[in-house]
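Input: a single structure, listed below in structure tokens.
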Amino acid sequence: MQLLLIHSDYIEYNVKKSTPVAEKIEESLKSGRLEEVLAAFIAVESVDEPNPDETVKRVVEEIEKVTVQVKAERIMLYPYAHLSSDLSSPKVAVSVLKDIEKALSSKYEVMRAPFGWYKAFKISCKGHPLSELSRSIRPSEAKVVSTAGAPEGETEDVVSEALKAESTARSYWHILTPDGELHSVDDFDYSEHENLKKFVDYEITKNRAVEKAPPHVELMRRLEIADYEPGSDSGNMRYYPKGRLIKSLLETYILEETSKIGAMEVETPIMYDMNHPTLKKYLDRFPARQYSIESDKRHLFLRFAACFGQFLMNHDMTISYRNLPLKMVELTRYSFRKEQRGELVGLRRLRSFTMPDMHTLCADMDHAILQFSEQYEMCINVLDKIGINIDDFEVAIRFTRDFYEANRDFIANLSRRVDKPVLVEMWDKRFFYFVLKFEFNFVDALAKASALSTVQIDVENAERYDINYIDNDGEAKRPVVLHSSPSGAIERCIYGLLEKAAMKAEKGFVPMLPVWLSPTQVRFIPIAERHIEYAKKVSEQLTCRVDIDDREDTVNKKIREAGREWVPYVVVIGDREIENGTVNVTIRSESQPNAPKKLEMTPEELNSRIMSEIEGLPYRKLALAEFLSMRPKFI
RNA sequence: GCCGCCGUGGCUUAGCCCGGUAUAGCGGCUGAUUCGUAAUCAGCAGGUCGAGGGUUCGAAUCCCUCCGGCGGCUCCA
């Protein structure tokens, strides 16, 4: 059975002439019209003959599923022999069609175009991504496969052309070394580049051996950063105060950095009209699945990046060559991608996430390449400040062969800058909207890789969105557009930091977050109740996030808990401190398991030490009560 | 989405194979203790055993469906 489903404003047909296999019909069936209809073009095939009932059952299920999905009200069954070169006998075909009609008509308004007639027909396809679907239904396998060549299991989703293209794209993989040489992926000596090996395995050979849960999942909960939210859809997390604090600091930091290079912060809607002509085409070029929502009249989808909003804005702007490069940035809280269930993991892969999305309009390719280099540099620095260093990620650079031929030196420099070999993927032709992109891929405790920062040179969307600038000769010209996410998803940065800490712990180091991101920077532990007041007084001399463990527990227990919370500086306060005015500080970053590094210093010294560590980075106050006795438990 | 494993008070968990409404620790509350660097002691409260259906006199336990989590496939910020 071959099935072509088209969600249409209307379909109408008129019988013209009978063929030798025509079924006898009443006059009233010689023409028909349905509106707001799912048109099902059907070819019954010879393979359906042995078990027509099974075919009927499954095709009915399939049509129903799509009908519900697109919210169609009516169904037109339309025999269409041209879908197959291996048709069943007309007799079987007619009986199958009648059975389908019977099964569906209990629930929907169904019309069946007569079999075996030449018919004229008019159809008005709605044109949203779900509006055109094809299915092959094969007996015995009990599986539905798409005829469009998409992998199995994707047929029920909105599958963009870009997703399909990706499965047919031909990639050539190489390792690019800082000297500019391309090496074979198979023969390259990875002995000094263990992580690159893991990354290459992950990207290409796809062999994975681990069966553990990723460490960050337990950590994000234990540290009360984030958690699953069963009341929402999978992949939509809740963030506790500490998690919100960390996210907020990261968001602020990235916006500050993009502002430094002249990006203008904007805000655009999170939902868009699926039938908007420009967006529809763009949907087809972006490899992601969307959440779709039904509004009163419109069929909307939730954005998966800030591209649309900014491009639509660019379209309406008057831009002079003097304004270039023109940068706009938005922190998308949220971007939505309806990833497949099995792809979701903790904070690594989500269905809603926060991502800085910056776009740069450049006069031409030369300028774009210049900007690309600058932003490559910025991404390295941003991740470094966040706490993810060059050693923690692997670089992937992807480009078309043409681009490579024209820019060999430039590309070699990308490897030189990080001073290590990088993975290269080269396409013999352009499948996507970009000709060049890089990603920084974090390789986690289980040898899984995920992209963080990325910059892409887009040669397609200026045209698609009709974005132009006026050059000095007075002519309107198309800019080249850069897409950039300096840090990648904020949640994924947190995932990276937690995984990195877990890997350190595994190697026998004491795990912690960067001081500027630690929810508590200094914990005061008064020995007895009478020391609380003094602790409070000293804490006021510090200009960072200090809290006081005033609970009625033993000092030992409070120390242990401060350690479990990864507090960078722990200060025990008792009679001695009151006497000599100093504080006894345990410094986590210099401690080893079972060997705390303790230092006696004045409150001023402690404060200036911390100030120098967080200098130039965003700061926010405590996200929770200063006194631990006042804090609720979230987990 | 497909395949596999898993789902017991807020958290970690015993019991499940061989059906008889549940075990312990942490956390919470109350009391005692006011303590100098990785869990002070005692008492109390807290569970429709992920949800729904089925088998049975009886289901946490056996069967089915669904939901959620993890792993694999696939995919990405």
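Numbered from 1 within each chain, the chains take letters A, B, ... in sequence-line order.
- Among the heavy atoms of the strands lying under 4.0 Å from Ile527(A) is at least one base atom, whether or not backbone atoms are also near.
- Taking the C1' atoms as reference points, U74(B) lies 12 Å from C3(B), given to the whole Å.
- The phosphate of A77(B) has neither OP1 nor OP2 within less than 4.0 Å of any side-chain N or O from Ser487(A).
- Between Tyr376(A) and Phe438(A), the ring planes lie perpendicular to each other; the angle is over 60°, past the 30° to 60° tilted range.
- A distance of about 13 Å separates the C1' atoms of U8(B) and A24(B), rounded to the whole Å.
- Partners of Asp549(A) under the salt bridge (Lys or Arg N to Asp or Glu O under 4.0 Å) rule, at least two apart in sequence or in another chain, are Arg551(A).
- For the pair Arg551(A) CZ and G28(B) C1', the interatomic distance rounds to 12 Å; values are reported in whole Å.
- Proximity of Arg341(A) to the phosphate of G68(B): a side-chain N or O atom is located under 4.0 Å from OP1 or OP2.
- Using atom C1' as the reference point in both C64(B) and C26(B), the two lie 37 Å apart (nearest Å).
- Straight-line distance between the C1' atoms of C75(B) and U37(B): roughly 48 Å, to the nearest whole Å.
- As rounded to whole Å, 14 Å separates atom P of G28(B) from atom CZ of Arg631(A).
- Here Phe311(A) pairs with His359(A), Tyr465(A), His483(A) under the ring pair (Phe, Tyr, Trp, His ring centres under 6.0 Å) rule; sequence neighbours left out.
- Side chains of Thr586(A) and Ser591(A) form a contact here, defined as non-hydrogen atoms less than 4.5 Å apart.
- Residue Lys437(A) places at least one side-chain N or O closer than 4.0 Å to OP1 or OP2 of A77(B).
- Across G53(B) and C16(B), the matching P atoms stand 26 Å from one another, rounded to whole Å.
- The residue Leu350(A) sits close to a base: some heavy atom pair falls under 4.0 Å.
- Look at the P atom in both U34(B) and G71(B): the space between them is 49 Å, to the nearest Å.
- Listed by chain and number, the residues in a ring pair (Phe, Tyr, Trp, His ring centres under 6.0 Å) with Tyr253(A) are Trp516(A) (sequence neighbours excluded).
- A donor-acceptor contact under 3.5 Å is not formed by the side chain of Arg221(A) with the base of C11(B).
- Distance Trp566(A) CH2 to A38(B) C1': 16 Å, rounded to the nearest Å.
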So if I define the base as every atom that isn't primed, P, OP1 or OP2, how would nucleotides 39-53 of chain B read as a B/S/- string at a heavy-atom cutoff under 4.0 Å? BB-------------
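- Atom CG in Asn580(A) sits roughly 13 Å away from atom C1' in G36(B) (whole-Å rounding).
- Across all strands shown, Asn594(A) has no heavy atoms under 4.0 Å from either base or sugar-phosphate atoms.
- Residue-level contact check: Ile525(A) touches neither bases nor backbone, having no heavy atom under 4.0 Å from any strand.
- Distances shorter than 4.0 Å separate none of the side-chain N or O atoms of Tyr228(A) from OP1 or OP2 on G7(B).
- Nucleotides of RNA chain B nearest to Pro593(A) and Gly235(A) differ in position, and the one nearer the 5' end is that of Pro593(A).
- Of all heavy-atom pairs between Leu223(A) and Lys242(A), the closest is O-CD, 3.5 Å.
- Here Phe353(A) counts as stacked on A77(B): its ring centre is under 5.5 angstrom from the base ring centre and the planes meet at under 30°.
- Closest non-hydrogen pair, Gly346(A) versus Val217(A), comes out as CA-CG2, 3.9 Å.
- Between the side chain of Lys198(A) and the main chain of Val443(A), no donor-acceptor pair closer than 3.5 Å is present.
- Base contact: Asn584(A) has a heavy atom under 4.0 Å from a base atom.
- Contact check, Arg530(A) against C35(B): a side-chain N or O comes under 4.0 Å of OP1 or OP2.
- Nearer the 5' end of RNA chain B, as judged by each residue's closest nucleotide, is the contact made by Lys633(A), out of Lys633(A) and Arg576(A).
- If you check every strand for non-hydrogen atoms under 4.0 Å, Thr586(A) touches a base.
- Across all strands shown, Glu224(A) has no heavy atoms under 4.0 Å from either base or sugar-phosphate atoms.
- For the pair Glu577(A) (side chain) and Gly574(A) (backbone), a donor-acceptor distance under 3.5 Å is present.
- When the C1' atom is compared between G19(B) and U56(B), the two are found 9 Å apart, to the nearest whole Å.
- Scanning atom types as modelled, no donor and acceptor separated by under 3.5 angstrom connect the side chain of Glu229(A) and the base of G68(B).
- If you take CD of Glu339(A) and C1' of C70(B), they are 18 Å apart, rounded to a whole angstrom.
- No contact: Val570(A) has no heavy atom under 4.0 Å from any strand.
- Within 4.0 Å (heavy atoms only), Gly342(A) reaches at least one base atom of the nucleic acid.
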Dot-bracket for RNA chain B, 5' to 3', Watson-Crick and G-U pairs with both distances under 3.5 Å, [ ] for crossing pairs, | for partner on another strand, reads ((((((((.[[[..)....(...]]].(((((.......))))).....[[[[[..)....]]]]])))))))....
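- If you measure from atom CZ of Arg492(A) to atom C1' of C75(B), you get 10 Å, rounded to the nearest angstrom.
- In this structure, Thr454(A) does not reach the A77(B) phosphate: none of its side-chain N or O atoms is under 4.0 Å from OP1 or OP2.
- Side-chain N or O atoms of Glu330(A) include one that pairs as donor or acceptor with a backbone N or O of Thr268(A) at under 3.5 Å.
- Counting non-hydrogen atoms under 4.0 angstrom, Val555(A) reaches the backbone sugars and phosphates but no base.
- U74(B) atom P lies 17 Å from atom CG of Leu344(A), rounded to whole Å.
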Tell me which donor-acceptor pairs under 3.5 Å the side chains of residues 496-503 of chain A have, and how far apart each pair is, sequence neighbours excluded?
{"unit_1": "Glu499(A)", "atom_1": "OE1", "unit_2": "Ala445(A)", "atom_2": "N", "d": "3.2"}
{"unit_1": "Glu499(A)", "atom_1": "OE2", "unit_2": "His216(A)", "atom_2": "N", "d": "3.0"}
{"unit_1": "Glu499(A)", "atom_1": "OE2", "unit_2": "His216(A)", "atom_2": "ND1", "d": "2.9"}
{"unit_1": "Lys500(A)", "atom_1": "NZ", "unit_2": "Gly387(A)", "atom_2": "O", "d": "2.9"}
{"unit_1": "Lys500(A)", "atom_1": "NZ", "unit_2": "Asn389(A)", "atom_2": "OD1", "d": "2.8"}
{"unit_1": "Lys500(A)", "atom_1": "NZ", "unit_2": "Asp392(A)", "atom_2": "OD2", "d": "2.8"}

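- Contacts of Ala396(A) with the nucleic acid, taken as non-hydrogen atoms under 4.0 Å apart, are absent.
- OP1 or OP2 of U37(B) has not a single side-chain nitrogen or oxygen of Lys598(A) nearer than 4.0 Å.
- Only the P atoms considered, C49(B) is 33 Å distant from C41(B), to the nearest whole Å.
- Counting non-hydrogen atoms under 4.0 angstrom, Gly563(A) reaches nothing in the nucleic acid.
- Nearest nucleotide to the side chain of Ile635(A), out of C75(B), G36(B), C11(B): C11(B).
- Taking every side-chain heavy atom of Pro214(A) into account, C70(B) is the closest of C76(B), A77(B), C70(B).
- In this model, a donor atom of one side chain and an acceptor atom of the other lie less than 3.5 Å apart for Asn580(A) and Thr582(A).
- At a threshold of 4.5 Å between non-hydrogen side-chain atoms, the residues Phe509(A) and Gln592(A) do not count as touching.
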